[in-house]
Amino acid sequence: MSERNLLERLEKLCNVDVDDVDTGLIASLPFKPHNLTSNQQVICNTMLADSNRELLTNMVDMYGSQGWEVVFDRMAVQLVKNNLEYITGRVLLQISPRHINNKPAIIQHCRRLAKYFDDANIPKARFAIKLPFTGAAACAAAELNSEGIRTLATSVFGLEQAIAASQSGCLFISPYYNEIAAYSNLSLWTNTPDPALEHPMSARVIHILEAYAKSYSETGNEQPIMVIASHLNATEVMAMAELGCQHVTVTGGNMKALLQTPDNLSPVTVPKPTHPYAHLITPARLKCLSHVDSLSPAGWSDILASGSTDYLTNNGCALDEAIQADGFVAKGIKDAMDWFIEAEEKAKHAIEREISMRKESASAQ
């Protein structure tokens, strides 16, 4: 592609990740994205595509006797593996949303996924597992990270979740810039030509980034790398670089929009930071966001969540209490989990139908 476009510009400003498993799209990009993220919706829709019919039937033949969930997870691993050569970093799968409040179940699922990655010859350095970040997930993440299974805190909507992600040693964190409900109800979306300044979630992103920079400066401990997600248009995607996000995970639709938009702006002259937090400075025009939060349930009091609170004690009780106290966070997590469960149920029914067809065929012979 000879003409420069906004996707190439974005890669000069921060690290572009892809939120899709479309191998044709990913292989066609003008550069290798860094990480590849996915979720139940992405995996289910790709799994049921006509182009993957043969792969699905093969997976059912090999693993159908072990149940639908094994088939789904094995297929998910294969779908992300298909793209491993086209990215520079890690592929990511998300645990089942049914487990988010059950620490033992989270750990069991993550260890099973880690085994499937190993079976597929994907080393630990090339994958991570996404945990929708509740109290139980934070506690599970601490144990998993300590044994080398790296995690990403996802479905993040507030600073308390971010602090817990740091305390649990997560490698990445993915705040949702837009709540899932906004995709079907546009009245919940702040559609503005200047999202970095005017979108209500921008302030919370700034709070997280500044808290991590402060913690790194004071302790020297590495903080989770920001991999921000859930953008409703390409304008929002581009704005993430100005906020200071180190990685932006871009859906296939937004990826195509950025590829098709010429870059007519002045050349990028400032290189990407070599460390996510060592030299992080909030841009002067966005500094006002450090002291506002229109999403706060009780109005802004200029008091941020404290990093001194231990969110991992008592099975993450303090984090769960903080989530429930903030209606925006609680609703954001619930809506996301409902959406992912819907996809998981769709996949379950499709796989069980295939398993049933195999049994009927075998009994008829």
Side-chain angles (χ1 to χ4, degrees), residues 17-27 33 35-64 66-87 89-100 105-106 109-120 122 126-132 137 149 151-152 154-155 172 174 176 180 183 227 229-230 249-255 335-355:
D17 293 355
V18 58
D19 192 10
D20 206 316
V21 292
D22 182 346
T23 303
L25 170 64
I26 298 166
N35 302 308
L36 180 148
T37 66
S38 65
N39 56 49
Q40 278 73 13
Q41 286 282 352
V42 169
I43 296 300
C44 176
N45 291 337
T46 308
M47 179 188 78
L48 297 181
D50 290 342
S51 57
N52 285 310
R53 175 66 187 169
E54 182 178 356
L55 177 59
L56 175 59
T57 57
N58 289 341
M59 288 290 173
V60 170
D61 287 340
M62 288 188 290
Y63 304 111
Q66 300 175 48
W68 75 269
E69 192 169 9
V70 174
V71 174
F72 183 74
D73 286 348
R74 292 278 191 179
M75 181 138 188
V77 168
Q78 185 60 51
L79 289 173
V80 297
K81 180 183 179 180
N82 291 344
N83 296 285
L84 200 59
E85 66 180 291
Y86 302 114
I87 66 169
R90 297 176 186 249
V91 292
L92 292 97
L93 294 177
Q94 181 170 269
I95 64 157
S96 172
R98 293 173 288 118
H99 301 326
I100 65 168
I106 292 171
H109 194 187
C110 287
R111 287 176 178 162
R112 188 169 72 246
L113 285 173
K115 180 186 183 301
Y116 297 166
F117 278 119
D118 184 62
D119 290 346
I122 302 175
R126 296 300 307 276
F127 75 84
I129 300 176
K130 300 169 62 174
L131 309 183
I149 300 175
T151 62
L152 175 148
T154 190
S155 299
F172 301 120
S174 278
Y176 277 25
I180 293 297
Y183 286 79
V227 184
S230 191
T249 183
V250 186
T251 62
N254 283 331
M255 193 82 72
D335 288 348
M337 295 311 100
D338 288 347
W339 192 58
F340 295 136
I341 287 172
E342 177 185 328
E344 201 170 73
E345 285 296 311
K346 182 179 178 181
K348 175 178 182 288
H349 292 152
I351 293 169
E352 288 186 336
R353 183 170 60 248
E354 293 290 335
I355 293 172

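With Gln40 contributing its side chain and Ile95 its backbone, the two residues share a donor-acceptor pair below 3.5 Å. Put simply, the side chain of Ser38 gets close to the backbone of Leu92: a donor and an acceptor are under 3.5 Å apart. Arg90 contributes no side-chain N or O that, together with a main-chain N or O of Leu36, makes up a donor-acceptor pair within less than 3.5 Å. When atom types are taken as modelled, the side chain of Glu354 and the backbone of Thr57 share no donor-acceptor pair closer than 3.5 angstrom. Side-chain atoms of Asn45 come within 3.5 Å of backbone atoms of Gln41 as a donor-acceptor pair (strictly under, hydrogens ignored). Between the side chain of Asp20 and the main chain of Thr251, no donor-acceptor pair closer than 3.5 Å is present.
Going from atom CD1 of Ile351 over to atom NZ of Lys346 covers 12.5 Å, rounded to the nearest 0.5 Å. If you take CZ on Arg111 and CD1 on Ile106, they are separated by 12.0 Å, rounding to the nearest 0.5 Å. For the atom pair OG1 of Thr23 and CG of Asn83, the computed distance is 3.5 Å after rounding to the nearest 0.5 Å. Atoms CG and OG1, from Leu131 and Thr154 in turn, are 9.0 Å apart once rounded to the nearest 0.5 Å. Between Ile149 atom CD1 and Lys115 atom NZ the span is 12.5 Å, to the nearest 0.5 Å. Distance check: Phe172 CZ to Asp17 CG gives 7.0 Å after rounding to the nearest 0.5 Å.
Side-chain atoms of Asp19 and Thr37 form a donor-acceptor pair, as typed in the model, at a separation below 3.5 Å.
Residues forming a salt bridge (Lys or Arg N to Asp or Glu O under 4.0 Å) with Asp61 (at least two apart in sequence, or on another chain): Arg358. Shown here are the side-chain contact (heavy atoms from CB on, under 4.5 Å) partners of Ser96, two or more places apart in sequence or in another chain: Glu69, Arg98, His99, His109, Glu344. Listed by chain and number, the residues in a salt bridge (Lys or Arg N to Asp or Glu O under 4.0 Å) with Asp50 amount to none (sequence neighbours excluded). Every ring pair (Phe, Tyr, Trp, His ring centres under 6.0 Å) that Tyr176 has, sequence neighbours left out, goes to Phe157. For Phe117, the ring pair (Phe, Tyr, Trp, His ring centres under 6.0 Å) criterion is met by Phe127, not counting sequence neighbours. For Ala229, the side-chain contact (heavy atoms from CB on, under 4.5 Å) partners two or more places apart in sequence, or in a different chain, are Thr249.
When side chains are defined from C-beta on, Leu56 counts as touching Met75, because their heavy atoms get closer than 4.5 Å. For the pair Val77 and Leu93, the minimum side-chain heavy-atom distance is below 4.5 Å. Side chains of Met255 and Ile26 form no contact here, defined as non-hydrogen atoms less than 4.5 Å apart. Contact annotation: the side chain of Asn52 approaches that of Leu79 to within less than 4.5 Å [non-hydrogen atoms, C-beta and beyond]. Side-chain contact between Asp338 and Ile180 is absent, with no heavy atoms from C-beta onward closer than 4.5 Å. Looking only at side-chain heavy atoms (C-beta outward), Ile122 and Tyr116 stay at 4.5 Å or farther from each other.
Shown here is Lys81, whose NZ atom has more than 12 heavy atoms of other residues, nucleotides or ligands within 6.0 Å.
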Hey, mind stepping through Ile43 and Gln94 against side-chain contact (heavy atoms from CB on, under 4.5 Å) and telling me if it holds?
-> CA-CA 10 Å; Ile43 296 300; Gln94 181 170 269; over 6 Å; no
Check the pair Met59 / Asp73 against side-chain contact (heavy atoms from CB on, under 4.5 Å), numbers first and verdict last.
-> CA-CA 10 Å; Met59 288 290 173; Asp73 286 348; over 6 Å; no
